[in-house]
2 protein chains.
Amino acid sequence: MTDPSRARLYEELAAESRRYLAAYTLFNQAVADHLGLHPTDVQCLSLLTAEPEPLTVKQIAGMTGLTTGSATRLVDRLERAGYVTRTPDRQDRRRVLVTPVPERVARVTALWDDLGQTWQTVFDDNSEDELKVITRHMRRANDLSRTQIERLRTMPKPG
Amino acid sequence: MTDPSRARLYEELAAESRRYLAAYTLFNQAVADHLGLHPTDVQCLSLLTAEPEPLTVKQIAGMTGLTTGSATRLVDRLERAGYVTRTPDRQDRRRVLVTPVPERVARVTALWDDLGQTWQTVFDDNSEDELKVITRHMRRANDLSRTQIERLRTMPKPG
DNA sequence: AAAAATTACTGCGCGGCGCAGCGAACTCCG
DNA sequence: CGGAGTTCGCTGCGCCGCGCAGTAATTTTT
């Protein structure tokens with residue numbers, strides 16, 4: 001902590017993190033623009049295709065941070081664009097299952113794959129150990145962010 | 001590339017990246033909610049404090065992906081809330097320099113530091129070399145995203 | 001000196017989003 | 001059973017961030 005060279009590394013890392021995450025926001029926006037969708041829609045498709053089973057509107061709302069009302073409209077847009085279909089849940093007739101349409105979503109995943117190939121070149125000069133370091137850091141940050149979000153919600157707000 | 005263990009690492013890294021970045025979106029939203037700001041505003045403050053010198057409205061527009069008109073309004077909001085000040089550029093009188101107000105931004109950085117203390121525990125078990133690996137990766141990804149965004153813009157759009 | 005380019009700002013309309021409220025369906029008890 | 005309370009998805013409403021197009025001021029170019 002009092003180690004100056006380490007402190008400098010922290011500082012540099014903090015600054016780089018901000019640019020890194022800002023860059024991601026721009027990237028996501030560019031992907032959405034390219035597909036004629038909104039960033040939220042892209043994230044929703046990403047979540048839908050990552051899950052093995054269809055999600056309910058409520059689950060989508062939770063994973064995107066939207067209200068159920070906004071999630072309904074999100075699904076409306078995706079359905080109108082042909083990316084997903086609504087299916088009533090037979091177990092619970094209040095629920096609506098949202099299923100991605102494979103041939104339509106393929107256009108999105110194809111783009112991801114295409115971009116992913118280029119991303120690989122970034123990692124190509126890293127050793128396996130280094131890749132593990134990076135992956136581990138992401139996983140930790142991911143876990144921590146969840147608890148931090150919860151903490152933010154319970155913290156007293158300024159103003 | 002044909003190395004199976006390395007391919008697995010890539011796959012894992014890709015999946016983790018998506019969760020990592022999705023988590024960041026939610027985290028950023030939570031921070032913005034907590035401060036009573038918009039995610040874009042928070043990102044802008046993040047960028048401003050990450051840069052050593054004040055930025056122009058045009059530069060802010062570029063870094064956030066907004067048009068100059070929207071960037072003007074973004075600065076309007078931040079100025080009205082007291083987070084930044086506008087200063088005319090003496091070298092080029094068309095330009096307006098946007099400078100963060102330290103004591104006001106302190107409220108934001110205090111939150112970051114508070115959260116960052118916990119984040120530091122994530123880094124504490126990393127060696128200096130490992131920290132450098134992470135930082136370098138971010139820098140590279142940052143650079144690549146720029147070219148990828150350009151590629152997306154020139155790519156033929158589907159539909 | 002005139003023309004072109006750059007920078008920041010402003011009216012206008014679009015649309016995503018939260019909020020509050022609705023009906024339908026499910027769960028829990030007595 | 002059956003009524004109260006809860007959950008789920010949907011809808012009308014208003015807010016406001018954003019892009020677009022145009023403008024004025026300043027700089028750069030010719």
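Residue numbering restarts at 1 for every chain, and letters A, B, ... go by the order of the sequence lines.
- Residue-environment remark: CZ (B:R8) stays at or below the threshold of 12 foreign heavy atoms within 6.0 Å.
- Distance CD (A:Q91) to P (D:dG9): 14 Å, rounded to an integer number of Å.
- If you measure from atom CG of A:L37 to atom C1' of C:dG15, you get 14 Å, rounded to the nearest angstrom.
- Taking side-chain N and O atoms only, B:R95 has a distance below 4.0 Å to OP1 or OP2 of C:dT7.
- A:D89 has its CG atom 11 Å from the P atom of D:dC8, to the nearest Å.
- Residues A:L74 and A:D92 each lie close to DNA chain C; by heavy-atom proximity, the contact nearer the 5' end of the strand is made by A:L74.
- Residue B:S70 places at least one side-chain N or O closer than 4.0 Å to OP1 or OP2 of D:dG19.
- We find that CG of A:D76 is positioned 13 Å from P of D:dG9, with the value rounded to whole Å.
- Atom NZ of A:K58 and atom P of D:dT6 are 14 Å apart (whole Å).
- Residue-level contact check: B:L66 touches the backbone only, with heavy atoms under 4.0 Å from sugar-phosphate atoms and none from bases.
- Side-chain N/O atoms of A:T67 and A:S70 include a donor and acceptor closer than 3.5 Å.
- What separates CZ of B:R73 from P of C:dC12 is a distance of 11 Å, to the nearest Å.
- If you measure from atom CD of A:Q59 to atom C1' of D:dT7, you get 13 Å, rounded to the nearest angstrom.
- The side chain of A:T40 places an N or O atom within less than 4.0 Å of a non-bridging phosphate oxygen (OP1 or OP2) of C:dC17.
- By the rule that hydrophobic residues join a cluster once side-chain heavy atoms approach within less than 4.5 Å of another member, A:L97 and A:L47 end up as members of separate clusters.
- Nucleotides of DNA chain D nearest to B:A71 and A:T68 differ in position, and the one nearer the 5' end is that of A:T68.
- Within 4.0 Å (heavy atoms only), A:R77 reaches sugar-phosphate atoms of the nucleic acid but no base atom.
- Not one side-chain nitrogen or oxygen of A:T67 sits closer than 4.0 Å to the OP1 or OP2 atom of C:dC19.
- Comparing B:R94 and B:G69 against DNA chain D, the residue whose closest nucleotide sits nearer the 5' end is B:G69.
- Side-chain atoms of B:H38 lie closest to D:dG17 of the nucleotides C:dA8, D:dG17, D:dG9.
- Judged by distance alone, the side chains of A:R18 and B:T49 do bring a donor and an acceptor atom under 3.5 Å apart.
- With hydrogens and angles ignored, no donor-acceptor pair closer than 3.5 Å exists between the side chain of A:R80 and the base of C:dG15.
- Taking 3.5 Å as the limit, the base of C:dG23 and the side chain of A:R93 contain no donor-acceptor pair of atoms between them.
- In this structure, the side chains of A:L45 and A:V84 come closer than 4.5 Å at one or more pairs of heavy atoms.
- Atom CZ in B:R90 sits about 18 Å away from atom C1' in D:dT27, given to the nearest Å.
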